[in-house]
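The structure appears below as structure tokens.
This one's a predicted model, so the numbers in the text were calculated from it and none came from an experiment.
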Amino acid sequence: MIQFNLLPDIKMEYIKARRAKRNVILIAGTVSAASIALFALLFLTVNMFQKQHIENLSDDINVAKTRLNDIEDLNKILTIQNQLNNVGALHDSKPVVTRLYTYLPQIVPVNTSISNVVVDFELLTINFSGSADSLATINKFVDTLKFTTYEDSSGSDSPAFKDVVLTSFGTDRENSTYDIDLSFDAFIFDSQTEITLTVPKIVSTRSETEKPSENLFKKQEQSEGAL
């Protein structure tokens, strides 16, 4: 079958242009309709569904709040619970006081007794009071405290005790008494670290090397037993 195109070229271009226009309008209409539908959906979500969801949540919160308010001594319960949550951290940070009983046999010389020990873990201070067989032994005790060290985290030796001061002493025919104040490094009571004290066997101080006579300290005649 033979067909003849009797339409002029300009008519063909016109038909194609109309067809393209129709397609553009159809696509634009479809996109506009989709945009309007999406806008409507978002509008409903924000102003209806989400608002309703928020109201439901508010109602649930009010119900839960009412139930909590009905619990007797709620504030006390919450306080105790908070304290229980902190027990672990407090336990890990507290000093190991029992280490003192390990340290004392290492640092206290023979023939020395301790009658009273006062430890302040806030000020990091210790007070020793007691008696010894002589003033030389008391001096040795003081020197031992001054030169006792421990190995810190860097591997170097650090003083375990600082500011060691023999604040008072006395002597009589039987024994000598003393009162010693000092500061200590909090690290030696740290629960997170094992500490070993290094106690000097020979103290290179005048009280040990030259061993001054006890007559270096003489009692005043007007007081008995106190210097």
Within-4.5 Å side-chain heavy-atom neighbours: F147 and V142:
no

Starting at OG1 of T30, measure out to CD1 of I25 and round the result to the nearest 0.5 Å.
11.5 Å

With hydrophobic residues grouped by side-chain heavy-atom distances under 4.5 Å, do L123 and V119 end up in a single group?
no

Name the orientation class of the two ring planes belonging to Y178 and F141 (parallel below 30°, tilted from 30 to 60°, perpendicular beyond 60°).
perpendicular

Taking the six-membered ring for Trp, are F189 and F121 closer than 6.0 Å centroid to centroid?
yes

Quick check for you: to the nearest 0.5 Å, what is the distance between I195 atom CD1 and D190 atom CG?
7.0 Å

Between Y150 and F184, is the gap from one ring center to the other below 6.0 Å?
no

Which heavy atom of S176 sits nearest a heavy atom of L135, and at what distance?
OG-N, 3.5 Å

Side chains of N127 and V117: does their closest heavy-atom pair fall under 4.5 Å?
no

Single hit among T137, I138, N139 for side-chain contact (heavy atoms from CB on, under 4.5 Å) with P109:
T137

Can you find a heavy atom in the side chain of I107 that is under 4.5 Å from one in the side chain of F161?
yes

Does the side chain of D179 reach to within under 4.5 Å of the side chain of L166, using non-hydrogen atoms?
no

Residues 105-121 vs side chain to side chain donor-acceptor pair (under 3.5 Å), sequence neighbours excluded, gives N111-D133, S113-S131

Are the side chains of I180 and L145 in contact, using a 4.5 Å heavy-atom criterion?
yes

